[in-house]
Amino acid sequence: MGTDSPAAPVGGLGAKSTVRAVAQHHQAVVGFLVGFFLVLLLYTTLASQFGSQTAIGVLESRPAVRADQNATITPTSPSKNLAQDEEKEKNPDQAPVNEKNPDQAPVNEKNPDQAPVNDASDRMEEELIREEIDHGGIKNGTNTEPVTPRKPICDLSDPRYDICDISGDARTLGANRTVLYVPPVGELGADSQEWSIRDQSRKYLEYVNKVTVRSLNASQTAPECTSRHTVQALVFAMNGLTSNPWHDFSDVLIPLFITTRALEGEVQFLVSDLQPWFVDKYRLILKNLSRYDIVDFNQDMGVRCYPHVTVGLRGHRDLGIDPTRAPRNYTMLDFRLYVREIYSLPSAGVDIPCKVANSAASSGAIAEQQRKPRLMLINRGRTRKFVNFPEIVAAVQNAGFEVIPIEPRRDLSVEEFSRVVDSCDVLMGAHGAGLTNFFFLRTNAVMLQVVPWGHMEHPSMAFYGGPAREMRLRDVEYSIAAEESTLYDKYGKDNPVISDPESIHKQGWQFGMRYYWIEQDIKLNVTRLAPTLHQVLRMLRE
Ligand SMILES: *[C@@H]1O[C@H](CO)[C@@H](O)[C@H](O)[C@H]1NC(C)=O
Ligand SMILES: *[C@@H]1O[C@H](CO)[C@@H](O)[C@H](O)[C@H]1NC(C)=O
Ligand SMILES: *[C@@H]1O[C@H](CO)[C@@H](O)[C@H](O)[C@H]1NC(C)=O
Ligand SMILES: *[C@@H]1O[C@H](CO)[C@@H](O)[C@H](O)[C@H]1NC(C)=O
Ligand SMILES: *[C@@H]1O[C@H](CO)[C@@H](O)[C@H](O)[C@H]1NC(C)=O
Ligand SMILES: *[C@@H]1O[C@H](CO)[C@@H](O)[C@H](O)[C@H]1NC(C)=O
Ligand SMILES: *[C@@H]1O[C@H](CO)[C@@H](O)[C@H](O)[C@H]1NC(C)=O
């Protein structure tokens with residue numbers, strides 16, 4: 001499962017989450033955490049190996065203050081600021097409101113963290129800023145205007161994720177895993193509120209450490225800013241179940257897209273438990289979502305001051321987006337097209353490769369032979385692998401495809417690999433994270449998912465088939481017969497593992513995990529597979 005070495009840059013498998021669905025499916029809640037722990041062991045092993053292989057250079061913690069702008073303070077009315085905030089909440093389509101932000105205070109460009117802002121003029125500026133962002137109506141000292149009650153900083157109501165949004169004066173203390181809200185002077189009360197949340201998209205995922213969010217009260221002094229920023233910031237974790245590509249996307253990249261895409265790059269990422277391999281692997285996506293340097297939060301000794309900080313990632317479902325809750329009503333189709341654009345793949349209007357080639361050929365003078373559709377056949381590394389891979393390659397060729405066989409390797413970059421996937425009409429593989437490469441397919445391309453033995457149809461649809469359809473790909477599932485599972489030879493046809501998978505699942509998710517996700521390999525019956533291949537060919541000709 002987790003130890004699976006991906007077939008490709010976005011390879012691997014989605015076992016962990018599958019586990020979750022199965023657990024829910026069978027109400028096998030007990031034992032769930034135990035199982036997760038097992039999964040963790042495998043993953044951390046993999047992650048650390050991977051991490052050390054692909055360590056990248058130092059990530060600098062540079063401030064995002066733009067040197068090309070004038071450091072002038074242009075106070076706007078306090079009420080206007082509130083209005084802006086509210087508008088931003090209602091209308092996330094807008095670019096972040098930060099042009100007017102006055103905190104362009106000169107900060108030592110080269111190394112702000114070693115240059116505390118503490119001389120008198122800076123202090124004055126800080127006071128001005130604080131007034132500027134104060135929306136409490138304290139301007140004339142009488143404080144007679146009713147203070148609009150702030151909405152709570154942290155929202156713990158979603159069943160999937162927790163999230164905190166701090167507007168005004170937000171200060172991050174990365175090394176302390178803390179983000180502070182410093183209320184305007186007029187609002188400093190006796191109560192100090194504190195939250196502690198996991199800053200990723202699964203609020204119950206133990207392996208993500210918590211970040212503390214606290215609002216100060218009148219008797220607490222705010223730590224002084226060592227750097228000030230006009231852009232907003234997002235604190236999120238890169239550890240957890242990442243290193244399995246399915247989870248890279250489901251737990252981090254899609255939630256990151258939901259949370260920040262509408263900001264058009266105007267957000268700085270403060271990454272807790274930063275994984276250099278992740279930053280390297282997905283650098284194109286990360287660089288597009290944020291045009292600022294990534295900050296290694298755990299190592300950040302400074303006090304960074306931002307007009308707005310979000311802690312956590314919004315996520316809607318496994319490898320999915322709920323358009324009614326997403327900024328700009330983003331869909332999974334938008335996400336796939338976005339990823340393709342980032343990787344400079346042909347635009348949405350371009351047809352699948354075999355159609356493009358054949359329409360060009362048929363317009364030529366000579367009626368050339370139709371180009372065969374190209375099928376990428378992914379074999380998995382350790383689990384659910386095709387034991388008769390060469391035979392399958394031959395069968396796919398005989399059916400009329402050009403085959404690109406892909407066996408597990410890690411030496412290709414996502415950039416290179418995405419172009420190979422884009423050149424294919426079909427992506428075929430056993431249920432698992434290798435199929436996550438479907439983001440690089442063109443509209444109307446086909447994902448052919450081989451569903452292993454053991455009532456795996458539900459997770460197969462939930463984690464790949466459903467998302468594929470939402471992204472306007474066509475999905476075809478081939479559910480193997482018992483005889484095509486290596487479990488059949490191992491346990492015999494009368495063993496419940498073969499004869500009654502439901503009874504295995506009912507014993508607890510870890511049993512299903514053990515047999516169907518981990519122990520099972522696949523020996524495809526190419527005779528039985530042939531009609532499915534022909535079905536795919538017909539679909540491609542439509
Ligand atoms: C800063 O402001 C001055 C005076 O308004 C102006 O002449 C100058 O071009 C500005 N500099 C930048 C970098 O905008
Ligand atoms: C200060 O508050 C008083 C009482 O509400 C109001 O009458 C006055 O106009 C305010 N002054 C300013 C400068 O806003
Ligand atoms: C941050 O952590 C350091 C070391 O534990 C501690 O001395 C300091 O008081 C903390 N700062 C805040 C604002 O909690
Ligand atoms: C402010 O909060 C701290 C920590 O919660 C508390 O110990 C202190 O008494 C509070 N101060 C006031 C003035 O209530
Ligand atoms: C992100 O990608 C989009 C689409 O290619 C592009 O228009 C935009 O300028 C990019 N943003 C950044 C910050 O690179
Ligand atoms: C997004 O979806 C909601 C709910 O379906 C709808 O009310 C709203 O008009 C949509 N917004 C846009 C920009 O399409
Ligand atoms: C392979 O599938 C064909 C067609 O379904 C079937 O007749 C044959 O018995 C299968 N072979 C094996 C070894 O199971």
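Keep in mind it's a predicted model, so treat the numbers as computed, not measured. Numbers here simply count residues along the sequence, with the first being 1. No hydrogens, no waters, no symmetry mates; every other heavy atom, side chains included, goes into these values. As the structure lists them, so they are numbered: ligands from 1, and atoms in each ligand from 1.
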Problem - R291 N/O to ligand 5 N/O under 3.5 Å - result: no

Handout entry: Polar contact flag for R261 and ligand 5 (N/O pairs, less than 3.5 Å)
Key = no

Problem - Criterion side chain to side chain contact (heavy atoms under 4.5 Å, CB included) against F463, the qualifying member of T436, L435, L319, D318 - result: D318

Handout entry: Heavy-atom neighbours of K355 NZ exceed 12 at 6.0 Å
Key = yes

Completion exercise
Residue set satisfying disulfide bond (SG atoms under 2.5 Å apart) with C164, at least two apart, ordered chain then number -> C154

N-O pairing of [X] and [Y] below 4.0 Å:
{"X": "E542", "Y": "R474", "result": "yes"}
{"X": "D169", "Y": "R228", "result": "no"}
{"X": "R314", "Y": "D155", "result": "no"}

Distances only, to 0.1 Å: what are the N or O pairs between ligand 7 and the protein that fall under 3.5 Å?
unit_1   : atom_1 : unit_2 : atom_2 : d
ligand 7 : 2 (O)  : N525   : OD1    : 3.3
ligand 7 : 2 (O)  : N525   : ND2    : 2.3
ligand 7 : 11 (N) : N525   : ND2    : 2.8

Problem - Under 3.5 Å: donor-acceptor pair, side chain of W453, backbone of E484 - result: no

Problem - Donor-acceptor side-chain pairing of S479 and E457 below 3.5 angstrom - result: yes

Completion exercise
If we number the atoms of ligand 5 from 1 as shown, the ones under 4.0 Å from a heavy atom of E341 are 4 (C), 5 (O)

Fill in the blank from the handout: Under 4.0 Å from one or more heavy atoms of I342, ligand 5 contributes atoms 2 (O)

